[in-house]
There are 2 protein chains.
Amino acid sequence: MAKAARKYLDAADREQQILEFAIDFVAQRGLRFTTRELADALGVSQPLLYRYFKNRDDLLQKIYDEVYLKRWDPGWNELLADRSISIRERLVLYLRAYTAAILDERWIRIFIASALEDPQITQKYLGLLHETTFPLIFAEIAAEAGVAVPSGPKADELVLEIVWGFHSSFFYMGVRKYVYRNKIPDDLDPIIRARVEVFVTGLAASMGNLGQFLPEVEAGQ
Amino acid sequence: MAKAARKYLDAADREQQILEFAIDFVAQRGLRFTTRELADALGVSQPLLYRYFKNRDDLLQKIYDEVYLKRWDPGWNELLADRSISIRERLVLYLRAYTAAILDERWIRIFIASALEDPQITQKYLGLLHETTFPLIFAEIAAEAGVAVPSGPKADELVLEIVWGFHSSFFYMGVRKYVYRNKIPDDLDPIIRARVEVFVTGLAASMGNLGQFLPEVEAGQ
DNA sequence: GTGATAATTTATCAATTGATAATTTCCTAT
DNA sequence: ATAGGAAATTATCAATTGATAAATTATCAC
């Protein structure tokens, strides 16, 4: 209560307040905002921003750091690798956690807007998925199906693309909701379950035949 | 040749030239461009833009019209409905045409950027997919598998979500390539074939079981 | 309470920006 | 070749914008 009534906040509190507010603000407005608009909306003077942030770009950088950090739970990969549970169950559990983390207006809109502006910002996050999580998902489905993972560079590529297609469909729900402003179902559980079912069933059944889609030279590997 | 040497273009030609150039320019730069930057890049004076476009927003509107119109081929839905071909083949043919049309830097980046700015701009295009193409894809897979399409509002929703997940994975390749600037395979054909195989196989095999993911009240329908 | 200090605002600048008006340059019909 | 009109540029404006400096106000230790 004491703090809420204060007009002059501690520097640390004010900085945090501005940052939090700016995240929401930028999520809604995009990168096309002026420092005055931001300050007005927050109810402080425009030069005050420059006490806490070197300049406009510095504020944006801090926004990205705040939004992207702390969103990735390293435990997810362990969960996906835990063979005491069926792969369908693991995927459902993982995707529940994943969608809960990223299906957030600020996360989705700032992710897309910043990637449009400068793809490097989102590179690190995407690398995590691409290098670790995707191969893991594919390998675990293959293991449970008792099928060998196709090997070779073109096969690796194809495998990654298949998982990309599956995995991105969940991020894309966020795009539909917070970028396109489409209505999406409130309860994601049936969708997660159904998509996992279709994907795992389809992949397990057709994994042995994927070789036919590869170029001749590698098809036999 | 004659026209290329002219300094003063016919009004219609100049307007078209500015518009084409602006599409590339905006695709790369996003909506945060100034009329001077655009004019300088094109090599004309900044006020010239105002001879052909009422104002900055008018130019943007014309860009959207030019980019979105003429991209949707009504023949695609007919193709998807043509039962003289297997549904796998139809999907492959459709997705080849679809990806060829939309996996274009200008289309993808302007689509995303404009949706972030104002979702209404992309609404009409998305409605076409959602209302017509998606139900059609699901129905045709069900027909070939000899399974009844689940019915009821929640089932309809689930069906749409399943197809959304599949279909959007192709648009999303464009996002990866032109927004995230990730490398994606040059040859999409194996990916299209593999994803179609996984999806159709998985959906045909599990369609009868989708009811289990619906809420109790409707599960029996 | 009072003064020192930190937090905030007001005042202000130079550069940028969308837009308009005045002027100049090019093209074409005759 | 030239006059008239269309096309384009130069000049300019008022508003906006990121950023800084000076002045003011709140808070806290004593």
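Letters A, B, ... mirror the listed sequences (proteins, then strands); counts begin at 1.
Ring pair Trp107(A)/Tyr68(A): centre-to-centre distance below 6.0 Å. The six-membered or imidazole ring of Phe199(B) lies away from that of Phe199(A), with a centre-to-centre distance of 6.0 Å or more.
For Ser169(B) and Tyr172(A), the side-chain atoms include no donor-acceptor pair closer than 3.5 Å.
At least one side-chain nitrogen or oxygen of Arg14(A) sits closer than 4.0 Å to the OP1 or OP2 atom of dT8(C).
The stretch residues 47-58 of chain B touches DNA chain C through Pro47(B), Tyr50(B), Asn55(B), Arg56(B), each having a heavy atom under 4.0 angstrom from the strand. Within residues 25-44 of chain A, the residues that place at least one heavy atom under 4.0 Å from DNA chain C are, in residue-number order, Arg36(A), Val44(A).
In this structure, Arg14(B) fails the cation-pi test against Tyr52(B), since its NZ or CZ atom is not both closer than 6.0 Å to the six-membered ring centre and inside 45 degrees of the ring normal.
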Applying salt bridge (Lys or Arg N to Asp or Glu O under 4.0 Å), run through Lys183(B) and Glu157(A) and close with a yes or a no. CA-CA 11 Å; Lys183(B) 177 131 186 56; Glu157(A) 197 176 68; over 6 Å; no

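Residue pairs meeting the side-chain hydrogen bond (donor to acceptor under 3.5 Å, both in side chains) criterion with at least one member in residues 91-104 of chain B, sequence neighbours excluded, are Tyr94(B)-His167(B), Arg96(B)-Asp189(B), Tyr98(B)-Tyr125(B).
For the pair Phe138(A)/Asp156(A), no side-chain contact is recorded, criterion being any heavy-atom separation below 4.5 Å from C-beta on.
If you measure from atom CG of Leu59(B) to atom P of dT17(C), you get 16 Å, rounded to the nearest angstrom. dC28(D) atom P lies 15 Å from atom NZ of Lys7(A), rounded to whole Å. Atoms CD (Gln46(B)) and P (dC13(D)) sit 15 Å apart, rounded to a whole Å. Remark: C1' of dT25(D) and OH of Tyr8(A) are 3 Å apart, rounded to the nearest angstrom. At whole-Å resolution of the value, CD in Gln17(B) and P in dA7(D) are 14 Å apart.
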Atom pairs, protein N/O to nucleotides 28-30 of chain C N/O, distance under 3.5 Å:
| from | atom 1 | to | atom 2 | distance (Å) |
| --- | --- | --- | --- | --- |
| dT28(C) | OP1 | Arg6(B) | NH1 | 2.8 |

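Under the side chain to side chain donor-acceptor pair (under 3.5 Å) criterion, Arg56(B) pairs with no residue, sequence neighbours left out. For Glu117(A), the salt bridge (charged side-chain N to carboxylate O under 4.0 Å, His left out) test picks out Arg32(B), with sequence neighbours left out.
Arg90(A) contributes no side-chain N or O that, together with a main-chain N or O of Ile137(A), makes up a donor-acceptor pair within less than 3.5 Å.
Phe25(A) and Phe21(A) have parallel rings, their planes meeting at less than 30° on a 0 to 90° scale where 60° marks the start of perpendicular.
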